[in-house]
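Just the heavy atoms: all of them, side chains too, but no hydrogens, waters or symmetry mates, feed the values below.
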There are 2 protein chains.
Amino acid sequence: MGNIRATFRSQCDNSHAMDARIPSSNNESPWLPFESRRRARDEKREAVLRTAVALFLEQGYHGATLNEVAKRLNITKPALYNYFRGKDEILYECWSIGNELVDDCIAETSAGGGSGLDKLRKLIVRYAELMTADYGKSLVRFDIHDLSEDNRKIVQTAKRRIDRAFRDYITDGVKDGSVKACDPKLAAFAIAGSLNWIGHWFQPDGELTGRAVAEEFAIRLTEGIAETTTQVTSTRKTTTRKAAAPAAQKADKPPRKGNASREETSEHHARTAADAAGQSKRARSRLR
Amino acid sequence: MGNIRATFRSQCDNSHAMDARIPSSNNESPWLPFESRRRARDEKREAVLRTAVALFLEQGYHGATLNEVAKRLNITKPALYNYFRGKDEILYECWSIGNELVDDCIAETSAGGGSGLDKLRKLIVRYAELMTADYGKSLVRFDIHDLSEDNRKIVQTAKRRIDRAFRDYITDGVKDGSVKACDPKLAAFAIAGSLNWIGHWFQPDGELTGRAVAEEFAIRLTEGIAETTTQVTSTRKTTTRKAAAPAAQKADKPPRKGNASREETSEHHARTAADAAGQSKRARSRLR
DNA sequence: CCCGTATATTACCCATGGGTAAGAAATAGT
DNA sequence: ACTATTTCTTACCCATGGGTAATATACGGG
C-alpha cells in the first residue's frame with residue numbers, strides 16, 4: 001500500500017510559525033535557501049529522490065548532473081553525499097521505490113482473489129497507472145548498465161519476480177478457465193511490453209489521464225486471451241467464480257520466493273536485499 | 001596498454017599480393033591487424049557501426065568506449081574519426097540504419113495491399129523480427145538524450161511517422177471492417193509497446209527464434225481488435241464483414257476523444273533528411 | 001620511383017563532473 | 001552557554017574518455 005513514502009505533506013505545515021517563510025512558489029524542496037533547516041532526514045532523502053528521478057527522466061541519467069539536482073533543492077552537491085554514496089546509488093534508490101510500488105500492486109492483487117483473469121486485469125490497471133508517474137517510469141527508462149554490479153543483480157532478480165507475477169496470473173487463468181489456452185511466457189511479454197511502454201510515451205499533461213489509460217489497457221490487453229468475450233460493463237465475468245477464497249490478509253506480501261530459472265523476463269526491476277525480506281516500508285535510512 | 005605488438009609486425013611477412021590471408025577466426029573486422037588494407041570505405045564504415053551497435057547494446061552507450069570499439073576492429077580510436085565526427089554520430093547512425101529497416105517494412109507492407117488487418121499483421125511480423133536483431137534493438141534501447149539536438153529532432157519526427165503507420169493501418173481496418181471499432185491511438189500504443197519490448201528481452205541464443213516470436217505476436221496482438229475471431233490458420237480474409245455496426249462501444253471508460261495535434265507517439269525513430277526522400281538505399285557515404 | 005591522397009598511428013589535450021577534504025553553521029543535549 | 005554531533009558549504013582533486021595534432025604508412029597513378 002502507499003506506505004510512508006506518500007509523505008506529501010506540504011512543507012508549509014509549520015505549526016508554530018517561526019520559519020513560516022513559504023518558498024517562493026513550488027512544493028518541492030525542504031531546504032529553504034540555506035537558512036532554517038531541521039526537517040526529518042528521511043523527508044530530505046525523499047526530496048532528493050523526487051528531484052533526481054524527475055531530472056533523470058527529463059535529461060537522461062548521464063545528461064543530468066548532481067550539481068543540477070542539488071541546485072533544484074537549494075543545496076550544493078556535496079550535501080547530497082550525506083544521504084547517498086554516489087550518483088548510481090541515487091539512481092538505484094529511485095528505481096527501488098518504483099519497484100516497491102510494483103510489489104505492492106502485486107501483493108494487493110494476489111490478496112484480492114478472483115479468477116486468474118480478474119487478477120491479471122487488476123494488476124494491469126495498477127501497473128499501468130504506475131507507469132504514468134515518475135517512479136514507475138524509472139523502472140523502464142533507466143539503463144541497467146548504470147548501476148553497480150550488486151544493484152544490477154538485484155534489479156535483474158526483481159525483473160524476474162514481476163514477470164513471474166504476470167505469468168502466474170495467466171497460468172491461473174488458464175487453469176480456472178478464465179483465460180484461453182496460450183503460452184504464458186509470450187503472453188506475459190506482450191502485456192508487460194505494452195505496459196512498460198507507457199513509461200515512454202505517457203505525458204501527464206496530455207489529454208489522457210493515467211487512470212483512463214490504465215482501464216482501457218486492462219481491457220484491451222486481455223481481449224485476446226480472455227475466454228469470455230468481454231462485454232463493456234462486465235469486468236467481473238468469470239462465470240466460474242472460484243469461491244473467493246483468499247480475501248484473507250489485506251496488503252501483506254507473501255514472500256514470493258523467486259525460483260531461479262535462467263529465462264528471460266519481461267521486466268526490469270528489483271529491490272534491496274534488505275526489504276526483500278518482507279515489508280516495503282520506506283524507513284531504511286541506511287548510509288555509510 | 002600499448003599495442004606495440006600489432007605495430008611492428010607489418011614488415012615481417014609481406015608476401016605482397018597475397019593478402020588473402022584469412023583473419024585468425026571471426027568474420028568481423030575488415031581491418032586485418034594493421035597490414036593489408038584496401039577495402040571499400042563503406043564496408044569499413046559499416047563494420048564500425050556493426051561493432052558499435054553490438055557494444056552499445058552489450059555495455060550501454062556510456063559504458064562502451066570508443067577505444068573498445070576500435071580495439072575490436074583492430075584499429076585505434078582516432079581512426080574512427082575518419083568515418084564519423086564523434087561518438088554521438090555513431091550512435092545516431094546505428095539508430096538510423098534500424099530506422100531505415102523499419103521504413104522498408106512499412107513501405108513493403110503498404111505496397112502489399114490487403115485489408116487494414118492484413119497490413120497491420122504484416123507490419124507486426126516484420127517489425128517484430130527487426131526487434132530481435134541489433135539494429136532493431138538500437139531503436140528502443142538507445143537514449144534520445146545522447147543524441148545531438150538536430151539528430152534528436154530527426155528521431156522524434158521518425159517516431160511519429162512510424163506510429164502513424166500503425167495507426168493508419170488500424171484506422172484502415174476499422175473502415176474496411178477488418179478491425180473492431182477502437183481508439184487507434186491507444187491500440188497502436190499497445191501494439192508498438194509489445195513489439196518494442198522485444199528489443200529488451202529477446203536473446204538470440206534463447207529457445208525462441210525471432211521468426212517464431214514475430215508470428216506469434218502477429219496473432220496475439222491483433223486478437224483483441226480483429227473483427228473476425230482469428231483461427232490460427234486464417235491470417236487472411238475478413239470474411240464476416242460484421243456490418244459496419246461495430247460492436248458498439250466496447251470498453252469505453254475514458255472520454256475517448258478523437259485525435260489531436262500535439263500528441264505523443266508510440267515510437268522512437270527517425271532518418272536523415274537525405275534519405276527521408278524516398279529510397280532507403282544504404283549508399284550514403286557522407287562525411288565531413 | 002616519386003608524389004598525392006587517403007588512412008592509420010602515436011602522443012597528447014582538456015573539459016566534464018563525480019567525488020573528497022576541511023571546516024563553518026545549525027541543532028540537540030546537558 | 002559550551003560541547004558534541006549532524007548537516008552543509010567552499011574549495012579542491014582527478015580519473016575518464018572524447019576529441020585533436022602531428023606524423024607515419026600504404027596505395028594508386030603518372
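Residues satisfying the side chain to side chain donor-acceptor pair (under 3.5 Å) criterion with A:Gln59, sequence neighbours excluded, are absent altogether. Shown here are the ring pair (Phe, Tyr, Trp, His ring centres under 6.0 Å) partners of B:His145, two or more places apart in sequence or in another chain: there are none. Scanning for side-chain contact (heavy atoms from CB on, under 4.5 Å) contacts around A:Asp150 gives A:Ser148, with sequence neighbours left out.
Of the side-chain N and O atoms in A:Tyr83, one or more sit less than 4.0 angstrom from OP1 or OP2 of D:dC8. Contact annotation: A:Arg41 side-chain N/O to D:dT6 OP1/OP2 distance is not under 4.0 Å.
Looking at B:His62 and B:Asp143, their side chains never bring a donor and an acceptor atom within 3.5 Å of each other. For A:Asn196 and A:Tyr127, the side-chain atoms include at least one donor-acceptor pair closer than 3.5 Å.
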Checklist entry - If the sugar-phosphate is the primed atoms plus P, OP1 and OP2 and the base is the rest, what is the B/S/- string for nucleotides 12-19 of chain D, using protein heavy atoms under 4.0 Å? => result -----SBB
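Rounded to whole Å, atom P of C:dA8 lies 6 Å from atom CG of B:Asn82. Atom NZ of B:Lys44 is separated from atom P of C:dT7 by 7 Å (rounded to the nearest Å). Taking atom CG on A:Asp42 and atom C1' on D:dT7, their separation rounds to 15 Å, with Å as the unit.
Atom NZ of A:Lys159 and atom CG of A:Asn99 lie 12.0 Å apart (nearest 0.5 Å).
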Nucleotides 22-24 of chain C: which of its N/O atoms have a protein N/O under 3.5 Å away?
none

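Sequence neighbours left out, the pairs with a member in residues 128-139 of chain B that pass side-chain hydrogen bond (donor to acceptor under 3.5 Å, both in side chains) are B:Glu129-B:Arg211.
Ionic pairing of B:Arg126 and B:Asp104 is not present here: no N-O contact between side-chain nitrogen and carboxylate oxygen is shorter than 4.0 angstrom.
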